[in-house]
Amino acid sequence: QLASRDASGIDERLVRQLERDGDVQAVAPVLLMQANALGEGREQSVLLIGADERITRMGGDVLNGFASDRLLRLRAAVLPSAMAEALDLRFGQRLTLDVAGRRVRTPVGAVVDRAEVGPLAEAPAVVVPLDYAQSFLGLEGRVSRVFVVARPGREAAVEATLRRLA
């Protein structure tokens, strides 16, 4: 993986370059930021995750329930059920996020439970589509991490590429 060294993030052109690399099997850009989520008179520290469908190609199922086609087309937040309960929020209500010096209000587009996302239903996380997060954070074309899976037997070549790009 590549991780941004500062808040300005990694240029997404690098993602496209990695996607064209024959040694790379899958690439997933992600925007991760600490935030404060505010609901109906309650607040909680959370991890804001901006992701798109590429995260589901990484071979794990960590964000599969969050990153379904249906959810990633929303211009809204997806909340784990435990967080929705802690903030006293339901589908359609407005979630306020204090993140990166900005205050963002977004609808709750879905509340997901353990059956949909497994143990992440208990996580203090808010998931939004990557392009939506980039837009409301003023980080168009930027990401904070790029996860990379090498083709079998090509791990050393991909590691060398990542070191060169870092």
Side-chain angles (χ1 to χ4, degrees), residues 1-12 14-16 19 26-149:
Q1 79 172 297
L2 288 176
S4 175
R5 294 187 178 138
D6 59 39
S8 68
I10 299 167
D11 191 319
E12 260 189 301
L14 183 89
V15 173
R16 289 187 287 283
E19 287 174 327
V27 179
V30 178
L31 190 56
L32 302 171
M33 293 224 162
Q34 284 302 127
N36 197 37
L38 295 91
E40 297 298 312
R42 300 175 183 180
E43 62 184 90
Q44 182 173 347
S45 179
V46 300
L47 180 63
L48 174 66
I49 303 170
D52 64 20
E53 74 285 345
R54 290 175 283 187
I55 197 71
T56 63
R57 298 183 201 141
M58 299 308 294
D61 60 354
V62 174
L63 283 178
N64 272 347
F66 282 108
S68 73
D69 249 6
R70 169 182 68 91
L71 298 180
L72 287 175
R73 286 191 306 266
L74 298 174
R75 301 303 271 178
V78 178
L79 301 181
S81 55
M83 179 182 301
E85 185 177 321
L87 295 172
D88 195 25
L89 289 172
R90 289 171 299 290
F91 170 80
Q93 290 185 301
R94 304 292 268 174
L95 166 70
T96 301
L97 294 168
D98 284 334
V99 57
R102 296 171 185 247
R103 179 162 275 204
V104 178
R105 290 187 43 86
T106 185
V108 175
V111 175
V112 291
D113 60 23
R114 188 172 272 281
E116 295 170 293
V117 297
L120 279 181
E122 310 302 321
V126 173
V127 179
V128 297
L130 177 60
D131 63 338
Y132 184 46
Q134 290 168 319
S135 173
F136 69 65
L137 291 170
L139 292 171
E140 288 87 351
R142 312 295 292 180
V143 295
S144 56
R145 289 187 193 262
V146 180
F147 295 99
V148 180
V149 175

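Treat the numbers as computed from the prediction; the structure is a model and nothing was measured.
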Should Arg75 and Asp131 count as side-chain neighbours, where that means a heavy-atom distance under 4.5 Å? yes
Contact summary for [X] and [Y], nearest pair of heavy atoms:
| X | Y | answer |
| --- | --- | --- |
| Ala125 | Pro80 | O-CD, 2.9 Å |
| Pro107 | Ala76 | O-CB, 3.2 Å |
| Pro124 | Gln44 | CB-NE2, 3.5 Å |
| Met83 | Ala123 | CE-O, 4.0 Å |

Residues which pass side chain to side chain donor-acceptor pair (under 3.5 Å) with Glu19, listed by chain and number, not counting sequence neighbours: Arg54
Is the number of heavy atoms from other residues, nucleotides or ligands within 6.0 Å of CZ (Arg5) greater than 12?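 It does not: Arg5 CZ has 12 such atoms or fewer within range.
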My understanding is that only residues two or more places apart in sequence, or in another chain, count here; which of them pass side-chain contact (heavy atoms from CB on, under 4.5 Å) with Ala26? Arg57, Met58, Val149
Pairwise distance CG(Asp98) to OG(Ser45) - rounded to 0.5 angstrom: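 The CG atom of Asp98 sits 11.0 Å away from the OG atom of Ser45.
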Rounded distance (nearest 0.5 Å) linking atom CD1 of Ile10 with atom CZ of Arg145: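 Atom-to-atom, Ile10:CD1 and Arg145:CZ are 8.5 Å apart.
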By ring-ring contact (aromatic ring centres under 6.0 Å, His included), which residues pair with Phe147, not counting sequence neighbours? none
Working note: Leu130 + Glu53, criterion side-chain contact (heavy atoms from CB on, under 4.5 Å); need CA distance, chi angles, decisive distance, verdict. CA-CA 9 Å; Leu130 177 60; Glu53 74 285 345; over 6 Å; no
Please list, one pair per line, the donor and acceptor atoms closer than 3.5 Å that link side chains of residues 29-38 to other protein atoms, with sequence neighbours excluded.
residue : atom : partner : partner atom : Å
Gln34   : NE2  : Val46   : O            : 3.4
Asn36   : ND2  : Glu43   : OE2          : 2.7

Sequence neighbours excluded and cut-off under 3.5 Å, please list the side-chain donor-acceptor pairs for residues 135-143, or say none.
residue : atom : partner : partner atom : Å
Arg142  : NE   : Ser8    : O            : 2.8
Arg142  : NH2  : Gly9    : O            : 2.8

Give every residue pair that meets the side-chain hydrogen bond (donor to acceptor under 3.5 Å, both in side chains) criterion with at least one member in residues 83-95, sequence neighbours excluded.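 As it turns out, there is no side-chain hydrogen bond (donor to acceptor under 3.5 Å, both in side chains) pair with a partner in residues 83-95 once direct neighbours are skipped.
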